[in-house]
**Q** 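Take this structure, written in structure tokens, and hold onto it; I'll ask about it next.
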Amino acid sequence: MHGAVGKPPGATNNHAVATSKIMLLMLVAMTGVAPISLYMLVPALPVLATTFGGDISVAQMTVSLYMVGIACSQLIMGPLSDKFGRRPVLLAGLALMVAASIGCSLAQTLPQLIAARFLQALGGATGMVVSRAIIRDLYSRHRISSMISLVIAVMMMAQMLSALVGGLLETAFGWRAIFYFITAGSLSVAVLITIALPETRRERSEDGSFRGDLGNLLRSRAFIGYVLCQVLASQIIFAFAGGGPYIVVTQMGRTTAEYGAWFAATGFAYLIGNVFCVRFAPRHSLEKLIWFGLALQFAGALLNLAFSIAGTNQAPAWLFGTQMIVMIANAFVMNNAAAGAISVRPEAAGTASGAMGFLQQGIGALVSQFGAYLGGHSTTTLPLTAAIFALSIACASAMFFIVPRRTVVVSEELAKKAEEEESGML
């Protein structure tokens, strides 16, 4: 059976599930519900600060604590999905998100909204960690990267418009309309999962435990290196997302809707990167694709830093145009590093995915807040682009110094089989 070493009682045929278009739709939906909800509110942050009479950094906590909620969710839900199964844990998380989204729409104070957003993230992020575990359940190591890329590529078609939709909803109907939209969307995903998702969790030995799984993962240089590479690459996105609204709206004097449009452009670049990953992954090793992404990421970050020093990227077209190069590279680095991390111990894919997601989002909450500080308390783009350049160097260093060298040869037969499966999914 392709990509599986066992299945729990009552599980359906994994090959049939893996090639199902409904499964692709569910993976996209469960992966996207939390990040789409995150970015939809970003254009409205200056409005929230004005509406509730709070400082801009307090309004930013609706984003930063949302990331903390995502981090906590992945640390908890990943191991739970290894123990109890993917389906029940996912449904419980989505139910919490629906309830919290209703709470967000009814919030009367900024602290109430921040608390509801935390619970919203705690439930919604279940889909992020469980989706990666499901992909590892269904596919072998050489296919994981392309499947993660395929899921994210389709999801990005919606996510890259989320900031734009959020800005338009806030402009036309007020900020509460954003949460009405999120409530309806998360409820729809929960219904789809209830009807169509089978259980994919692999059989586990009786002595399997969170402590044992985590201990084995932490003793692996490969796991540590891949996780650090993936996490540091993701911080580039968080830093830019944190500082971007204040640079565009405050420094450049543009509208929230215009920022949403520019942010969607960087999302489109990330989408293009994922499409290329889908095509290249069956023919090249994870390590080769990661190094390609790291080189391109470094080049884009250096170019943006040079433009900041020269003072030419004080217009959105320059700043976001160069960031698009970084985002294309980001897709190669993040997806292939994630595939490497969750392949170290396949029977503990949920724990590996959760640990990686916890670090990514937990650190991301701090980096996003730091990015907001750089964007909101500076008169140029230089501090933000310098931080992004430093992150690109740290990301490459983690891959170079920690991940053991290995060579993976992809045969013509393997590549052909991967292409056939990919065609079936599309």
**Q** Measuring from D137:CG to I342:CD1, what's the distance to the nearest 0.5 Å?
**A**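 Here the interatomic distance stands at 9.0 Å.
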**Q** Got a second to check how far I328's CD1 is from F268's CZ, nearest 0.5 Å?
**A** 9.0 Å
**Q** Write down the atom of A339, the atom of L286, and the distance for their closest heavy-atom approach.
**A**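 Between these two residues, the closest heavy atoms are CB-CD2, 4.0 Å.
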**Q** Atom CZ of F332 and atom SG of C277: how far apart are they, to the nearest 0.5 Å?
**A**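 The distance works out to 4.5 Å.
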**Q** Return the minimal non-hydrogen interatomic distance between C229 and L294, and the atom names on each side.
**A**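 Taking C229 first and L294 second, the nearest heavy atoms are SG-CD2, 4.3 Å.
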**Q** Can you see whether R86 engages S81 through a side-chain donor-acceptor pair at a distance of less than 3.5 angstrom?
**A** yes
**Q** Any donor-acceptor pair under 3.5 Å linking the side chain of S392 with the backbone of F389?
**A**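 Flag set: sc S392 to bb F389 pair under 3.5 Å.
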**Q** Measure from the side-chain N and O atoms of S73 to the backbone N and O of G69, and report whether any donor-acceptor pair falls under 3.5 Å.
**A** no
**Q** Do the side chain of R87 and the main chain of L197 share a donor and acceptor less than 3.5 angstrom apart?
**A**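 Yes, because the side chain of R87 sits within donor-acceptor range (under 3.5 Å) of the backbone of L197.
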**Q** Minimum heavy-atom separation for M128 to Q74, with atom names?
**A**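 Looking at all heavy atoms of both residues, the shortest contact is CE-NE2, 4.2 Å.
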**Q** Taking atom CE of M334 and atom CD1 of I237, what is their separation to the nearest 0.5 Å?
**A**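 The distance works out to 4.5 Å.
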**Q** Given side-chain contact (heavy atoms from CB on, under 4.5 Å), test V42 with F263 step by step and report yes or no.
**A** CA-CA 10 Å; V42 169; F263 188 84; over 6 Å; no
**Q** Rounded to the nearest 0.5 Å, how far does CG of L41 lie from OG of S162?
**A** 10.5 Å
**Q** Can you name the closest pair of heavy atoms from S37 and Y66 and give their distance?
**A** CB-OH, 3.3 Å
**Q** Are any side-chain N or O atoms of T250 and backbone N or O atoms of I247, one a donor and one an acceptor, separated by less than 3.5 Å?
**A**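 Judged by distance alone, no pair lies under 3.5 Å.
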**Q** Which residues pass the side-chain hydrogen bond (donor to acceptor under 3.5 Å, both in side chains) test with R254, not counting sequence neighbours?
**A**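 Result, side-chain hydrogen bond (donor to acceptor under 3.5 Å, both in side chains) vs R254: E258.
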**Q** Does a donor on one side chain sit under 3.5 Å from an acceptor on the other, for T381 and S308?
**A** yes
**Q** With distance as the sole test, does Q120 use its side chain to make a donor-acceptor pair with the main-chain N or O of M97 at under 3.5 Å?
**A**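 Not confirmed, Q120 side chain does not pair with M97 backbone.
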**Q** Show, in sequence, the C-alpha distance, side-chain angles and deciding distance for L110 and T62, and conclude whether the side-chain contact (heavy atoms from CB on, under 4.5 Å) test is met.
**A** CA-CA 8 Å; L110 200 51; T62 60; 4.3 Å; yes
**Q** Donor-acceptor pair, distance only, cut-off 3.5 Å: does the side chain of S353 make one with the backbone of V129?
**A** yes
**Q** Identify the two heavy atoms, one from S101 and one from F179, that lie closest to each other, and give their separation to 0.1 Å.
**A**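 Heavy atoms of S101 and F179 come nearest at O-CB, 4.1 Å.
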**Q** Any chance you could measure E170, atom CD, to R176, atom CZ, to the nearest 0.5 Å?
**A**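 If we round to the nearest 0.5 Å, E170:CD and R176:CZ are 12.5 Å apart.
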**Q** Step through the shown structure and confirm whether more than 12 heavy atoms of other residues, nucleotides or ligands are within 6.0 Å of CZ on F370.
**A**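 It does not: F370 CZ has 12 such atoms or fewer within range.
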**Q** Will you find, in the side chains of N304 and T385, an N or O donor that is under 3.5 Å from an N or O acceptor?
**A**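 Absent: no donor and acceptor within the cut-off.
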**Q** Do you know the tightest heavy-atom contact between P198 and M26?
**A** CD-CE, 4.4 Å
**Q** Please check if any side-chain donor atom of S64 sits under 3.5 Å from a side-chain acceptor atom of Q369, or the reverse.
**A** yes
**Q** Would you confirm whether S220, through its side chain, and N216, through its main-chain N or O, come within 3.5 Å as a donor-acceptor pair?
**A** no
**Q** Would you please classify the geometry between the F280 ring and the H284 ring as parallel, tilted or perpendicular, with 30° and 60° separating the classes?
**A** perpendicular
**Q** Should we count CZ of F118 as having more than 12 external heavy atoms under 6.0 Å?
**A** yes
**Q** Taking the six-membered ring for Trp and the single ring otherwise, decide whether the centroids of F320 and F240 are under 6.0 Å apart.
**A** yes
